[in-house]
There are 2 protein chains.
Amino acid sequence: MTLLHDESLTAEELTVWRMLQRAQMRVTRHLEAELLVAHDLALASYDVLLQLAEAPERRLRMNDLAGRVLLSRSGLTRLIDRLQRDGLVEREACASDARGLYAVLTDTGAARLAQATPTYLGGIRSQFLDLLAPGEIEQVRVMLAKLAALDLTGAP
Amino acid sequence: MTLLHDESLTAEELTVWRMLQRAQMRVTRHLEAELLVAHDLALASYDVLLQLAEAPERRLRMNDLAGRVLLSRSGLTRLIDRLQRDGLVEREACASDARGLYAVLTDTGAARLAQATPTYLGGIRSQFLDLLAPGEIEQVRVMLAKLAALDLTGAP
DNA sequence: ACTGTTTAGGTGTCCGTGCAACGTTCTAAG
DNA sequence: CTTAGAACGTTGCACGGACACCTAAACAGT
């Protein structure tokens, strides 16, 4: 597993990985910057709002939410602190489990999300989707599905 | 540019983008963690050492290097501080330009890089390349080339 | 019921990074 | 030669995030 198969292969493959890193970083930065100047919203915050908006009852358990936005639990705690301070989400106790807390999207939060969404989608388009042919997007989707499969099997 | 073309398209495309985010994050985390435990080397540090190793004379101007590792200049300053403290790189004045500084890879640094490289490549393999068919890797390369083209034209 | 274990969430602390401002040096215009 | 402006690298500051640890609640076995 830690063994090296064949050094010679890696020249081009390594480049692919590095290009991927760069491209992803570039798009992310662009997106974050645009959201910040236009709506004073960090990318992570946008993701949280989006996840909540898609969730039933506009609410999600903290732990659950942390997993979806790829953030540590502590990181999410602070982020929700900020969003709550700005009135975009609220914390609500869970009836069935006294330890549990729901993060709930407020109307204000939903409105901010709606405002920011064109910027978000536009950024993804201009920096990512518009540069690829439709068929290529589908190719990417297929590949990513393979990679995502690992999440279920290998990494708990 | 900030206009929304068609809301209906974005359902699947949005998923593709989010999957890409997740996949990239997952691989990066895995890589960083492995490098850290096995060689006490952050991913950013590895990247710096790698860039320097590939550069002529094993040296690169700070500004130049900052661009290659996708780090702000200030961020690079501190990173080089740490690497220098650990003896992996050195700073060297530039003869032709008194403002300029070279970051130079030391022998110690080259050795550490060599030690860590199997871990790095192995991680990329196991988390990324091995999950894709050879043809798919080539497809990715082609697409990334398109995305990278933007770096040259659109973004200064 | 009781005690140990696991889970949910929050807190203390540290580290890495970006932004804005700064000093220094190079370059161009007068 | 002088001076305005740009470029290079560094520093003060604040912020965001992770890790380790903590408390409270749920669950397990006896």
Side-chain angles (χ1 to χ4, degrees), chain A residues 21 25-26 28-37 40-49 52 59-86 88-104 156, chain B residues 21 25-26 28-37 40-48 52 59-86 88-104 155-156:
Chain A
Q21 269 190 128
M25 183 79 89
R26 196 177 53 74
T28 299
R29 294 249 178 111
H30 179 92
L31 223 50
E32 172 112 30
E34 266 198 334
L35 282 175
L36 223 46
V37 303
D40 192 35
L41 217 53
L43 185 54
S45 303
Y46 182 90
D47 278 341
V48 164
L49 298 184
L52 290 179
R59 73 192 52 214
L60 239 32
R61 292 286 291 267
M62 293 292 288
N63 214 345
D64 201 350
L65 185 53
R68 303 197 192 211
V69 296
L70 239 30
L71 217 63
S72 74
R73 284 197 296 280
S74 68
L76 181 64
T77 293
R78 327 275 177 145
L79 179 50
I80 294 293
D81 285 348
R82 278 169 260 149
L83 293 176
Q84 189 169 21
R85 172 171 49 71
D86 297 348
L88 305 181
V89 308
E90 278 172 0
R91 277 180 236 246
E92 203 168 299
C94 173
S96 61
D97 187 340
R99 308 169 290 185
L101 277 183
Y102 284 107
V104 187
Chain B
Q21 269 190 129
M25 183 79 90
R26 196 177 53 73
T28 300
R29 295 249 177 111
H30 180 91
L31 223 51
E32 171 113 32
E34 265 196 335
L35 281 174
L36 223 46
V37 303
D40 192 35
L41 215 54
L43 185 53
S45 303
Y46 182 88
D47 278 341
V48 163
L52 290 179
R59 73 190 53 213
L60 240 31
R61 291 285 292 268
M62 293 293 287
N63 214 345
D64 201 351
L65 185 53
R68 303 199 192 210
V69 296
L70 238 29
L71 218 62
S72 74
R73 285 200 297 282
S74 66
L76 182 64
T77 294
R78 329 271 181 155
L79 180 49
I80 295 292
D81 284 347
R82 279 168 260 149
L83 293 176
Q84 188 169 22
R85 173 172 48 71
D86 296 348
L88 305 182
V89 308
E90 278 173 359
R91 275 181 237 249
E92 203 168 300
C94 173
S96 60
D97 188 340
R99 305 169 293 183
L101 278 182
Y102 285 108
V104 187

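As a basis for the values below, the full set of heavy atoms in this structure was taken, side chains included, without hydrogen atoms, waters or symmetry mates. Each chain gets a letter, A, B and so on, in the order its sequence line appears, and its residues count up from 1.
Rounded to whole angstrom, the span from the CZ atom of B/Arg59 across to the P atom of D/dC8 amounts to 18 Å. Between the CG atom of B/Leu71 and the C1' atom of D/dG9 there is a distance of 14 Å, rounded to whole Å. Taking atom CG on B/Leu36 and atom P on D/dA20, their separation rounds to 11 Å, with Å as the unit. To the nearest angstrom, P of D/dA14 lies 16 Å from CZ of A/Arg82. If you take CG of A/Leu41 and C1' of D/dG16, they are 15 Å apart, rounded to a whole angstrom. For the pair B/Gln84 CD and D/dG9 P, the interatomic distance rounds to 14 Å; values are reported in whole Å. Remark: P of C/dG16 and OH of B/Tyr46 are 20 Å apart, rounded to the nearest angstrom.
Closest approach of B/Cys94 to B/Leu101, counting heavy atoms only: CB-N, 4.5 Å. Here the shortest heavy-atom pairing between B/Arg73 and B/Asn63 reads CD-OD1, 3.2 Å.
Under the ring-ring contact (aromatic ring centres under 6.0 Å, His included) criterion, B/Tyr46 pairs with B/Tyr120, not counting sequence neighbours.
Backbone-only engagement by A/Ala44 is indicated by non-hydrogen atom pairs under 4.0 Å involving sugar-phosphate atoms exclusively.
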I need a per-nucleotide contact map over nucleotides 7-13 of chain C, read 5' to 3'. Cutoff is protein heavy atoms under 4.0 Å; write B for the base, S for backbone only, - otherwise. BSBBBBB
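The pair B/Arg85-B/Asp81 fails the salt-bridge criterion, with no side-chain N (NZ, NE, NH1 or NH2) lying under 4.0 Å from an Asp/Glu carboxylate O. Between A/Arg82 and A/Asp86 there is no salt bridge, since no side-chain nitrogen of the basic residue lies less than 4.0 Å from a carboxylate oxygen of the acidic one.
A 4.5 Å side-chain heavy-atom check between A/Leu43 and B/Gln21 finds at least one atom pair inside the cut-off.
If B/Leu79 and B/Ser96 are placed on DNA chain C by their nearest nucleotide, the residue sitting closer to the 5' end is B/Leu79.
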